[in-house]
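Data block below; observations after.
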Amino acid sequence: METPEFRLWAHKFADWMADYYENIEDLPVKSMVCPGEILSKLPELPPEGGESMSQLFEDFQSIILPGMTHWQSPNFFAYFPANGSLPSILAEMLTAAMGAQCMIWETSPAAAELEERVMDWLKVMTGLPSGWSGVIQDTASTATLAAILSAREKCGFFSSNETGLSQHQQLRVYCSTETHSSIDKAVKIAGIGRQNLVKVIIDKQFRMDSEALRSAIQSDIELGFKPCCVVATLGTTSSVSIDPLKEIAEVCKELGVWLHVDAAYAGSALLLPEFRWMIEGIDQVDSFVFNPHKWLFTNFDCSAYFVKDKESLIKTFEILPEYLKTGTRGLVNDYRDWGVPLGRRFRALKLWFVIRSYGVEGLKEAIRNHIEYACWFETQVAESLEFEIMATRHLSVVCFRFHPKHKDDQAELDRLNATLLEAINRSGKAYLTHTKLNGQYVMRMAIAQTRVKRENVQNTWELIKRIASEL
Ligand SMILES: *Cc1c(COP(=O)(O)O)cnc(C)c1O
């Protein structure tokens with residue numbers, strides 16, 4: 001393809017993108033395809049000769065699009081969102097055009113320095129300590145892996161990277177029973193082993209019990225284990241519970257254990273001063289992650305990882321083959337040493353576009369609106385005779401279930417709610433997902449999509465009530 005044709009298609013695609021957003025509510029939020037349906041429409045062998053862009057675009061629309069779930073629909077209330085925004089998309093277009101690989105400063109100086117600057121902005125915006133350092137990772141899972149690996153190395157005086165783990169005391173990692181599965185994954189990968197991930201009990205609000213944490217660590221020390229890392233969660237995935245950071249931080253300080261904070265979704269709420277209580281105790285924290293791709297309107301993927309002491313991070317990951325040696329080493333940030341991959345996308349650009357385009361006030365207003373819509377939804381549920389709230393609402397997620405009068409059999413309620421959720425999603429008008437709390441099936445209404453308006457939430461509440469009444 002030559003540039004005249006590229007120009008033509010780029011204009012067409014720009015129109016398609018704008019149309020997509022203008023008409024997104026007409027599409028079923030959750031894709032309705034069956035397993036294998038898309039696969040059956042794709043030829044088993046790649047084409048020998050090149051095909052035309054018009055053929056490609058036609059197939060994109062007829063084959064691919066029906067198989068997509070529309071995460072950017074304002075009626076997307078499932079999981080946590082993977083948000084984007086129009087300024088972010090424009091930045092991604094430029095990023096794709098330059099196709100830069102930003103592994104070290106020299107391979108794209110502006111990418112490295114912009115990353116440093118926007119991460120500093122995020123610190124100011126969220127109230128994280130000014131002396132910390134930030135780096136963009138692809139996902140929270142990767143950032144948490146980096147944290148656990150850094151904690152592991154620090155525990156072993158940075159020797160297990162060289163000698164392996166066999167000569168070391170058995171390491172232990174702690175999190176609550178409500179913690180995200182990425183912690184389990186990280187201890188598996190880090191060679192610590194899932195059996196050495198201690199799941200601390202939670203209180204009635206689904207928060208980690210810090211006294212139980214203290215006893216778990218103390219008894220592990222007595223048994224000859226080496227406590228290595230505690231992972232606290234701000235905004236658990238099921239119910240958005242907020243672990244008591246201050247108390248956990250005190251335990252970690254007293255017992256000398258690395259403290260990592262997973263605030264994947266909830267971290268964005270720190271833009272609002274009224275939620276800064278969540279990070280009371282932050283000075284004692286060693287590492288912290290939150291996802292601008294969840295609730296800060298930045299296209300997937302973009303995960304902001306912060307560390308108190310960047311040397312621990314760099315000592316864990318750095319490796320210096322001859323072909324990567326440069327004259328600027330030590331003067332600049334070479335982010336390849338700050339995480340798992342060598343090659344890195346230019347993710348800072350979209351974050352820069354988003355922060356500048358919205359302005360901090362604009363971002364705060366959008367987040368506040370989501371929380372206000374969630375309050376409204378919570379009130380509707382609480383006042384309804386047929387529905388009930390299943391967990392204290394934090395931020396913009398409401399956990400609730402359908403509970404018609406005189407139906408109190410738990411297994412039956414579980415089935416009824418699963419049927420209701422399925423019917424809501426099949427309507428194409430909204431997409432919600434579920435979790436289990438105290439063993440009970442619970443629907444989650446996560447209100448954090450960039451384009452969601454009050455009326456989307458109102459219409460969805462009407463939809464839920466109508467479908468429930470027809471069951
Ligand atoms: C979403 C989520 C994660 C995982 O995020 P990825 O960026 O997809 O790895 C981790 N922890 C919590 C609390 C989450 O909500």
Side-chain angles (χ1 to χ4, degrees), residues 69 71 76-84 88 122 126 134-149 173-190 197 199-200 202 205-208 229-245 248 259-270 275 278-279 285 287-306 339-341 344-345 347 350-351 367 370 374 391 394-399 433-437 442 444-449:
T69 289
W71 285 70
F76 184 100
F77 302 106
Y79 306 103
F80 288 126
N83 263 335
S88 175
L122 285 186
T126 54
V135 55
I136 302 180
Q137 305 278 351
D138 53 3
T139 60
S141 302
T142 308
T144 291
L145 174 62
I148 287 179
L149 290 171
V173 175
Y174 308 81
C175 63
S176 89
T177 52
E178 284 292 300
T179 311
H180 190 264
S181 58
S182 55
I183 321 306
D184 293 67
K185 207 184 216 177
V187 294
K188 287 196 332 179
I189 302 169
L197 177 61
K199 300 264 173 105
V200 178
I202 46 173
Q205 305 263 357
F206 308 103
R207 297 174 300 198
M208 188 193 287
C229 182
V230 172
V231 181
T233 310
L234 304 182
T236 55
T237 312
S238 279
S239 70
V240 191
S241 62
I242 313 287
D243 282 343
L245 193 61
I248 293 170
L259 176 53
H260 174 62
V261 174
D262 176 2
Y265 149 80
S268 296
L270 294 172
F275 292 104
M278 294 192 295
I279 52 166
V285 170
S287 53
F288 182 100
V289 62
F290 87 100
N291 283 348
H293 71 232
K294 268 187 175 154
W295 203 14
L296 209 61
F297 319 113
T298 307
N299 283 52
F300 189 87
D301 49 2
C302 184
S303 188
Y305 180 53
F306 295 93
V340 176
R344 308 179 76 247
R345 275 161 42 69
R347 298 191 185 86
K350 57 189 170 187
L351 197 48
I367 293 168
H370 293 165
H394 290 291
L395 307 174
S396 67
V397 178
V398 181
C399 294
T433 48
H434 81 283
T435 190
K436 280 203 165 167
L437 293 173
V442 171
R444 284 169 83 264
M445 178 84 177
I447 306 172
Q449 216 294 317

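Both counts, for ligands and for their atoms, begin at 1 and track the order of listing. Hydrogens, waters and symmetry mates are skipped; everything else that's a heavy atom, side chains included, is used.
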Enter the distance from F288:CZ to I279:CD1 here, rounded to the nearest 0.5 Å.
6.5 Å
Strictly by modelled atom types, are T298 and H293 linked by a side-chain donor-acceptor pair under 3.5 Å?
no
Which residues satisfy the salt bridge (charged side-chain N to carboxylate O under 4.0 Å, His left out) test with R344, sequence neighbours excluded?
E115
Below 3.5 Å only, please: the N or O atoms of ligand 1 paired with protein N or O atoms, distance on each line.
unit_1	atom_1	unit_2	atom_2	d
ligand 1	7 (O)	A140	N	2.8
ligand 1	7 (O)	N291	ND2	2.9
ligand 1	7 (O)	H293	NE2	3.4
ligand 1	9 (O)	A140	N	3.4
ligand 1	9 (O)	S141	N	2.9
ligand 1	9 (O)	S141	OG	2.6
ligand 1	11 (N)	D262	OD1	3.2
ligand 1	11 (N)	D262	OD2	2.6
ligand 1	15 (O)	T237	OG1	3.2
ligand 1	15 (O)	K294	NZ	2.9

Any side-chain heavy atom of W295 within less than 4.5 Å of one from H370?
yes
Decide, yes or no, whether a salt bridge links K294 with D301 under the criterion of side-chain N to carboxylate O below 4.0 Å.
no
Looking only at side-chain N and O atoms, does S88 offer a donor or acceptor that is under 3.5 Å from a partner on N299?
yes
